[in-house]
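One structure is given here, and the rest of the page talks about it.
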Amino acid sequence: MPPTSAPPNPIKPSIAWMEHQAIQYRKAILEMIWQAQAGHIGGSLSCIDLLTVLYHHTMEITPGNFAQNERDHYIHSKGHAVEALYAVLQGLGFFSREALDTSQRKHSAFLGHPTRVVAGIEHNTGALGHGLPVAVGMALAAAIDRSPHRIFTLMGDGELAEGSIWEAAACAAHYQLDRLVAIVDCNGLQISGPTSQVLSMEPLAQKWAAFGFAVREINGHDIAALAALFDSLPFEPGKPNLVIAHTTKGKGVSFIEDRAEWHHHVPSEAEYHQAMREFAAAESEWEARYANI
Amino acid sequence: MPTSETSIMGKPNQDIFSDTLVSLAHENPNIIAVTSDSRGSGKLTSFAREFPRQLVEVGIAEQNLVGIAAGLAAMGKSVFAVSPACFLTARALEQIKNDVAYSNHPVILIGISAGVSYGALGATHHAIHDFAVLQAIHNIDILAPADNFETEQAVRTAVTRNRPLYMRIGKKSMPHLHPPGTPFNIGKAIQLTPVQEQYDVAIVATGETVAPAAMASRHLAAQGYSSCVLSLHSIRPFDEAEVMHAAHASRVVITVEEHSINGGLGSRTVAALMQGRIWKPVKMLAIPDQHIITGSQQDIFEEYGLNAEGITRHAVTLLEQGREKVQ
Ligand SMILES: [Mg+2]
């Protein structure tokens, strides 16, 4: 069995370890939402593979270096998917597993959107379209200081309708912020339905490219491919980076996948157990896959 | 206190802001000014020339201006986000609320050409809502310096304060209101008039209405009325103690502000007095809740009684009403 926590930097965990860990995080997300009887399950499950790779492979952010500025930075712009962030930060040891039991309760630091009160979180998000401008400001500071560190932010695809994102996009290209890494969790859905029907932003890659970004598209659930892609940063010197991660909302639970109504639906007891069985099956499949190698 | 009708005229507070910023940047390479195509109106061209690496231009994009300022501050920069007050505190209000105040990043927001400085340009360019909206948002100081001295002190103090702060600054030349060596502390009102045990009228003013309030004090003295003029350069933190003390020692209270009658200095003062059980006749002078007349800042002040004549007239009326009731 893999270890229960990530090995310390600079030794990076294997792809196999991260794949297994992503399943553990899916269980933690479901458990949090089940305990709180609230939360955003669809968006959390669509971005959890991305967060697993970013926090365990790509970014240098640990409880040990968090207090200093000389490290990578991450802003969770799609703040509603906070359960995914809590799961990974807990996995990194920012706080205990028990701390999450208070999630969304009275006086809990673990509310339904990220806040800096929680260890490991750098910016309060929840209103959409705020992460990229702040990340651009952080990347500008890094550029002014000639720091080698990178600034990452994760946005939803529905979020891209916010005009503030495109103000920031123009600015990032103007200042050639190639330490900025913006990622779109492109699950094709938002609260009211398919993003293509609510407000189509296609052709999305061309839009970002026209704004001056180096754009890469990838399967946002392929942990090996994600790790390799982020290893190749910056994609083009002098250009800010934009990753369109094609994902499935609710990934990992058959009856939640690709359904807009599961944006923040809370599972029934039967659905909770069914989802847990599907995660257990994914774990068995993972063991079988690596037993054969 | 100004000693004559022709008190010595200073510069526009916006010039003092930019002079002070240049002076601070000479000592502190960590200072960054962020502008939204507003370096000219913000008088930041000399700063931009001297410290090109410490000036970030974001174009006409106020939401981005504030978001970027928060990101720079999060990375330890000492950030001034400079933009016309009308756009900064309306268009970028959600960024001020979430990225600065709620996220607790110590950005200094400078609202230039504040109040009705842009007078005849119309309501798009007026900022008479800023005290109201920002007072309803937790965790951001709100300053409105009255003269060159207060402006320089406010800017210097803001840097060391290291917390979210908004300051509105006007573009008209202001008279010097304070003798050298006057103590300045954020959250502490400054009394412009000599301290007495009792006054006829307390005039509580802020920003560019403090100068006409000081002038009104002299007009009132000529008519035999004593007054206590307070400069409330801090709307938040609000100096309740000093305001209550002045009101307690006076027969009537006048508040004066270049702001909507709703949610500004007047209502804040009245709330403090009522809850502090100080029952005095009050007149709130502010921009009324109606379509604002066309004209310069001076014209608008005159129309709504925010100039020295208007303040004097309203004070006398309030004092005479009180006398009638007593008789
Ligand atoms: Mg989506």
Side-chain angles (χ1 to χ4, degrees), chain A residues 66-77 79 111 113-118 121-147 149-153 162-175 177 179-180 211, chain B residues 25 28-37 51-81 83 87-88 91-109 137-140 163-164:
Chain A
F66 191 75
Q68 68 196 50
N69 276 330
E70 285 297 305
R71 58 172 170 86
D72 291 332
H73 295 267
Y74 174 78
I75 293 182
H76 200 55
S77 193
L111 54 151
H113 289 105
T115 68
R116 296 177 66 205
V117 177
V118 171
I121 292 177
E122 354 210 345
H123 194 70
N124 298 9
T125 52
L128 297 172
H130 286 251
L132 191 63
V134 175
V136 168
M138 296 173 93
L140 274 164
I144 289 164
D145 293 340
R146 301 197 165 87
S147 156
H149 299 288
R150 288 92 45 92
I151 319 296
F152 295 79
T153 187
E162 292 282 6
S164 50
I165 287 183
W166 302 99
E167 291 184 7
C171 192
H174 179 81
Y175 286 103
L177 299 176
R179 304 250 150 220
L180 175 74
F211 268 78
Chain B
N28 184 355
N30 211 32
I31 283 179
I32 304 284
V34 193
T35 63
S36 53
D37 196 23
F51 307 100
R53 283 179 51 78
Q54 288 166 252
L55 184 105
V56 174
E57 173 64 73
V58 303
I60 306 167
E62 292 79 14
Q63 299 179 60
N64 197 34
L65 171 98
V66 176
I68 280 179
L72 286 160
M75 297 288 274
K77 298 296 176 192
S78 201
V79 186
F80 287 81
S83 188
F87 311 131
L88 183 64
R91 195 182 197 107
L93 183 62
E94 194 182 73
Q95 279 73 18
I96 294 175
K97 169 177 170 262
N98 295 343
D99 299 329
V100 177
Y102 183 42
S103 291
N104 194 27
H105 293 306
V107 175
I108 300 167
L109 298 154
I137 290 169
H138 170 62
N139 197 38
I140 181 162
R163 55 174 268 107

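The figures here come from the full heavy-atom set of this structure, side chains too, leaving out hydrogens, waters and symmetry mates. Below, chain A is the first sequence line, B the second, and so on; all start at residue 1.
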What are the two closest non-hydrogen atoms of [X] and [Y], and how far apart are they?
X	Y	value
N64(B)	C171(A)	ND2-CB, 3.4 Å
R116(A)	N104(B)	NH1-O, 3.2 Å
N69(A)	G76(B)	ND2-N, 3.8 Å
A141(A)	M75(B)	CB-CB, 3.5 Å
Y102(B)	N124(A)	O-ND2, 2.9 Å

[X] side chain near [Y] side chain, heavy-atom distance below 4.5 Å:
X	Y	answer
L140(A)	I68(B)	yes
S164(A)	Q95(B)	yes
H174(A)	E57(B)	no

Test side chain to side chain contact (heavy atoms under 4.5 Å, CB included) applied to L72(B) and M138(A), step by step = CA-CA 5 Å; L72(B) 286 160; M138(A) 296 173 93; over 6 Å; no
query = Is it the backbone or the side chain of A168(A) that comes under 4.5 Å from a heavy atom of chain B, or both, or neither?
reply = both
request  = Sort I151(A) into side chain, backbone, both or neither according to what part of it lies under 4.5 angstrom from a heavy atom of chain B.
outcome  = side chain
task = Enter the distance from E167(A):CD to E62(B):CD here, rounded to the nearest 0.5 Å.
result = 7.5 Å
query = Measuring from I144(A):CD1 to K77(B):NZ, what's the distance to the nearest 0.5 Å?
reply = 5.5 Å
ask   = Contact part of I60(B) toward chain A, heavy-atom cut-off under 4.5 Å: side chain, backbone, both or neither?
value =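 Interface part for I60(B): neither.
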message = Show, in sequence, the C-alpha distance, side-chain angles and deciding distance for V58(B) and V136(A), and conclude whether the side chain to side chain contact (heavy atoms under 4.5 Å, CB included) test is met.
response = CA-CA 11 Å; V58(B) 303; V136(A) 168; over 6 Å; no
task = Evaluate whether atom CZ of R91(B) has more than 12 neighbouring non-hydrogen atoms of other residues, nucleotides or ligands under 6.0 angstrom away.
result = no
request  = Give the member of V134(A), I75(A), I121(A) that has the highest number of heavy-atom pairs under 4.5 Å with chain B.
outcome  =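 Greatest number of close heavy-atom pairs with chain B: V134(A).
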query = Quick one: do the H130(A) and E94(B) side chains pair a donor with an acceptor below 3.5 Å?
reply = yes
